[in-house]
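Structure first, commentary second.
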2 protein chains.
Amino acid sequence: MKLPPLVQAFVLHFGEMGSRWGINRTVGQIYALLYVSPDPLNAEQIVEALGVSRSNVSMGLKELQAWNLAIPKHIPDDRRDHFTTPDDVWQILRTLAEERKKREVDPTLSVLRELLMQTPGSEEERHAQERMAEMHALIEQLTTWYDDVKRLETERLAALLALGARVTRLLEAKDRVVGLVRGKKEG
Amino acid sequence: MKLPPLVQAFVLHFGEMGSRWGINRTVGQIYALLYVSPDPLNAEQIVEALGVSRSNVSMGLKELQAWNLAIPKHIPDDRRDHFTTPDDVWQILRTLAEERKKREVDPTLSVLRELLMQTPGSEEERHAQERMAEMHALIEQLTTWYDDVKRLETERLAALLALGARVTRLLEAKDRVVGLVRGKKEG
DNA sequence: CCGATATTTCAGAAATTCCTGAAATGTCGG
DNA sequence: CCGACATTTCAGGAATTTCTGAAATATCGG
């Protein structure tokens, strides 16, 4: 691997973290490389930069495309496919959230739904189902919130994040106002 | 593995999902089993229920304890350790978020900070560092929000979730009110 | 301190995942 | 249709992770 030290450190880190993120080392490294690269890269360039096999790069790119984290970019007068990552980090965040939800949450949600349909055949099963219902309710609430929030434009989303827990103050303020208005009407 | 069908299906699912969640099959299965079990279980009972080796269960329990997802429960007049999962699903959510952040986000944040301190030695490195700065800023913003929100009591947190994207309406309403008040003062 | 029981450690076997090189397939200009 | 190049597929070897059984360690009542 021959890369500027800064880039190399970044790429190696993504390789190492790969296993924790549920991707393999090469995929992590390819992503990191594309992310910091000023221009789209073709497979051969990635092979040279990372020192891995051509076929490994091919598979890695395929996986990144499946995640929508690598996008092919056509370069005029060049037959080879070139790839970049989406450049807006907020878009990357959305993509990551969407894909992880799809892979890590949705299957469980669907299994839970299925199991909750069944009739328990014993007290033990009844209790288990109750616990599954709790888990199901929580996941439903989270995904509903997520489906809602993901539609916000980036600017609003950022504003919401910046506000953080202070939104609750706003909620309280709202409640007070509502209380006031009710008081007026009724009083 | 001899378990009621409902429980078995749940346990097997968690085992299968394990790899996507960054834990191994046995750990997933142990967690699932403890989660739906009405009473704390000891290692031997887990061995019987799952049909895996005693040592595997021992290691699995150790890992779950490191995640704060299995807690030892002393049963009077019994030397053996018994385990449960935290029973409040919201608490489980908090624990999961905290642990995943610690394992999957913090290391990257710290690497990014370090790399951003360095002086780029080329235009390529300068550009890379710029991209890293974008990523760093996003992660900082997310973790700041998270650190903020995680302190909320469950009830408020749930309220916030239930509100979803509608908080933005509240934000707009607030802006209007502020505008009104300003108008009054100034007019 | 002893014996009984519970738990942990750990080396190596088993299973899984990752990576490679070779061959197959695809795609383009001429 | 051919030749040149680009990409993908895939069998099997390499690396890593998971799991087991045996041995070591820990803990308790007596």
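From a predicted model like this one, the values you see are computed outputs, not experimental measurements.
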Practice prompt. Indicate, with yes or no, if the rings of B:F14 and B:W21 have centres closer together than 6.0 Å.
Written response: yes

Worksheet item: Over how many whole Å does the gap from A:D78 atom CG to C:dG29 atom C1' extend?
Response: 14 Å

Worksheet item: Between the main-chain N or O of B:H127 and the side-chain N or O of B:R131, is there a donor-acceptor pair closer than 3.5 Å?
Response: no

Worksheet item: Would you call A:R94-A:E99 a salt bridge at under 4.0 Å N-O?
Response: no

Worksheet item: OP1 or OP2 of D:dC19 sitting under 4.0 Å from any side-chain N/O of B:R25?
Response: yes

Worksheet item: Rounded to the Å, how far apart are A:D81 CG and D:dT7 P?
Response: 5 Å

Discussion item. If we count only N and O atoms by modelled type, under 3.5 Å, do the side chains of B:E98 and B:Y146 hold a donor and an acceptor together?
Written reply: yes

Worksheet item: With a 4.0 Å cut-off on heavy atoms, is B:N24 in touch with a base, just the backbone sugar-phosphate, or nothing at all?
Response: sugar-phosphate

Worksheet entry | Donor-acceptor pair under 3.5 Å, B:S55 side chain vs D:dG21 base | yes

Discussion item. Base, sugar-phosphate or nothing for A:T26? Non-hydrogen atoms, less than 4.0 Å.
Written reply: sugar-phosphate

Response to the item:
A:L64 CG to D:dT7 C1', in whole Å, measures 16 Å

Worksheet item: Could you state the CD1-C1' distance from B:I30 to D:dC19, rounded to the nearest angstrom?
Response: 12 Å

Practice prompt. For D:dC19, take OP1 and OP2 only and decide whether either is under 4.0 Å from a side-chain N or O of B:S53.
Written response: no

Worksheet item: Rounded to the nearest Å, what distance is computed from the CD atom of residue B:E63 to the P atom of nucleotide D:dT18?
Response: 8 Å

Discussion item. Restricting to non-hydrogen atoms, name the atom on B:P40 and the atom on B:Q45 that form the minimum distance, rounded to 0.1 Å.
Written reply: O-OE1, 4.1 Å

Worksheet item: What integer distance in Å separates B:R80:CZ from C:dT8:C1'?
Response: 17 Å

Worksheet entry | Contact nearer the 5' end of DNA chain C, comparing A:G51 with A:R79 | A:G51

Worksheet item: Does A:K62 make a side-chain N or O approach to OP1 or OP2 of D:dT7 shorter than 4.0 Å?
Response: no

Response to the item:
When rounded to whole Å, the CZ to P distance for the pair B:R54 and C:dC10 reads 16 Å

Worksheet, complete the sentence: Rounded to whole Å, the CG-P distance (B:N42 to C:dT8) equals 12 Å

